[in-house]
Amino acid sequence: MTTSERRVQLQAGYVLHHRPYRNTSLILDVFTRDRGRISLVARGARTAKSRWYSLCQPFRPLLLSWSGRADLATLTDLDSTARAWPLTGKLLFSAYYLNELLMRLLQPLDPHPELFQHYVHALDRLVGLPNTGQRPEVVSFGLQSCLRMFEKYLLQEIGYGLILDHDVHSGAPIAAEGRYQYVLEIGPVPGDNDNRDAISMSGSSLLGLARDDLSAPQCLQESKKLMRAALARYLGDKPLYTRALLRQLDYKS
Amino acid sequence: MTALSPLVGRLMQALRCLPGVGPRSAQRMAFHLLEKDRKGAQLLVDVLSEALEKVQRCTQCRTLSETPACPICSNSRRDRSLLCIVETPADIQAIEQTADYNGLYFVLMGRLSPLDGIGPREIGLDALTHRLRTESVREVILATNPTLEGEATAHYISELMHQAGIRVTRLAHGIPMGGELEFVDSSTLSHALNGRREM
Ligand SMILES: [Zn+2]
């Protein structure tokens, strides 16, 4: 590694999580556009005078500069490019859910510039939700469909993308009126009998999920089951804390 | 450089359990206590061991207390229908100094931290729900910090309160007294705008 590679300047990113480090510092887990997930030490960020502390919060668009070891570099400069996404209430918990997924599923130092755009887009959608309609069910629908779409792109980016457009046995396109069994890590196969290791999906739900249109209630419901099963395969045994909190908030995610 | 006496070294190491105390300040403190102020050191030993022995959590509000119910919880002149929820015992001190509040408190001893696994049980919300079932509280005031985690905590508790049919309010976030608008950061300013009042 050359010296120039060890200094990174003005990289766009978001703090996913921060934790105290030594007496006055923080360790930040950051999702950056071009360098992927990275851990940075923010020296002195926990002192009263530090300008950094209020910037080091999640959901705030940042420009970060750092230098040093790849696995734990030192933050050298930090600026915010816009104010933090104004997330409150259940939407804030949902945004934390996105961060927990990224923390759990992204390998450090793997760049995912497209996923980064999806992340920004998902935050944007969450923030806009309260304005999409006054009725809680409209907000709830928008929230769930936003989370499902992010999960889909996340799986795709980390190399476990779902197959949603053809039946993996025959290669035939998915028929909207057909019934399928989605066998994890293989794909959809025609059939209706309940296979223990597969998720039963309608053709129209598969197609809806493929084109990011989860507006049919059945599609939303079946996509949720599919995503949960697919994610569980890569998340291991440790539960997702934010999912439990969302459930306790009686907010079915 | 001569080696330190082993006990002095252990004292320095022990002092480093204090927040913000690194090796150099630990050394300064140890020499100060042993060389310049042995009386003060003895007092520190006595008070610390007595406090360690007697101070527990208040059974009602969870703040530090040497009696089962702390002085605030056992004061019959306090308004028992008002309950203010704070993150730490230090927050109680801060609010008590205003002398504007005459209700009771509940201390979370932290805040929800979704990605660290610090959930409702860890911040004592079971105890809070129990307390609200057994006492008649008219209003709960959320005084968590104006951070994201403070906001998440406040939201979670407010949902519990709505379910229980109890009125919930939240401290207003605003511009510090003596502050000038141009130096206030934009998120504080937008909170202050959102929380503006009729005059
Ligand atoms: Zn008490």
Side-chain angles (χ1 to χ4, degrees), chain A residues 14-20 22-25 27-29 31 44 46-48 51-60 80-104 123 238-251 253, chain B residues 15-26 90 110-123 125-126 128-129 142 144-164 168 170 173 176 183-195:
Chain A
Y14 282 87
V15 169
L16 298 176
H17 180 242
H18 57 74
R19 57 183 192 275
R22 303 221 170 124
N23 281 321
T24 57
S25 302
I27 289 185
L28 311 176
D29 275 292
F31 183 31
R46 284 197 298 140
T47 52
R51 190 182 62 89
W52 281 359
Y53 188 77
S54 67
L55 293 178
C56 287
Q57 304 291 321
F59 318 122
R60 182 158 198 153
S80 123
T81 55
R83 69 187 192 123
W85 294 101
L87 290 154
T88 53
K90 290 159 182 169
L91 303 173
L92 175 57
F93 283 88
S94 306
Y96 272 123
Y97 173 74
L98 303 183
N99 283 11
E100 190 173 19
L101 282 180
L102 292 172
M103 289 283 295
R104 293 280 296 276
L123 293 181
K238 207 173 126 198
L240 286 168
Y241 294 123
T242 45
R243 185 188 278 162
L245 279 172
L246 278 165
R247 203 183 305 126
Q248 286 163 24
L249 274 172
D250 198 19
Y251 215 62
S253 109
Chain B
L15 285 164
R16 291 188 56 193
C17 75
L18 292 165
V21 175
R24 304 229 351 230
S25 7
R111 70 209 83 158
L112 284 184
S113 183
L115 271 61
D116 294 308
I118 298 175
R121 189 171 314 131
E122 285 73 16
I123 59 169
L125 296 192
D126 297 355
L128 176 65
T129 329
L142 294 170
T144 54
N145 287 318
T147 59
L148 277 181
E149 290 175 343
E151 158 64 28
T153 309
H155 176 75
Y156 194 93
I157 297 173
S158 73
E159 291 291 298
L160 287 180
M161 298 306 111
H162 289 147
Q163 281 169 22
V168 209
R170 175 118 199 244
H173 309 151
F183 299 119
V184 174
D185 73 274
S186 58
S187 57
T188 306
L189 202 49
S190 69
H191 272 298
L193 261 176
N194 290 329

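Chain A is the first sequence line, chain B the second, and so forth, proteins listed ahead of strands; every chain is numbered from 1.
- The shortest distance between side-chain heavy atoms of B/Ile157 and B/Val168 does not fall below 4.5 Å.
- When atom types are taken as modelled, the side chain of B/Gln163 and the backbone of B/Leu160 share no donor-acceptor pair closer than 3.5 angstrom.
- Between A/Thr88 and B/Glu151 there is a side-chain heavy-atom pair separated by less than 4.5 Å.
- Of the atoms belonging to A/Tyr96, heavy atoms from both backbone and side chain fall under 4.5 Å from chain B.
- Of the atoms belonging to A/Leu16, it is backbone heavy atoms, and not side-chain ones, that fall under 4.5 Å from chain B.
- The minimum heavy-atom distance linking A/Leu92 with B/Leu148 is given by the pair CD2-O, 3.5 Å.
- Comparing B/Thr147, B/Asp116, B/Leu112 by heavy-atom pairs within less than 4.5 Å of chain A, the highest count is held by B/Asp116.
- Residue contact with chain B, scored on non-hydrogen atoms closer than 4.5 Å, is absent for A/Thr24.
- The parts of A/Pro58 that come within reach of chain B are both its backbone and its side chain, each placing non-hydrogen atoms under 4.5 angstrom from that chain.
- When heavy atoms are compared at a cutoff of 4.5 Å, B/Ile118 does not approach chain A at all.
- Using a 4.5 Å heavy-atom threshold, the side chains of A/Glu100 and B/Pro114 count as separate.
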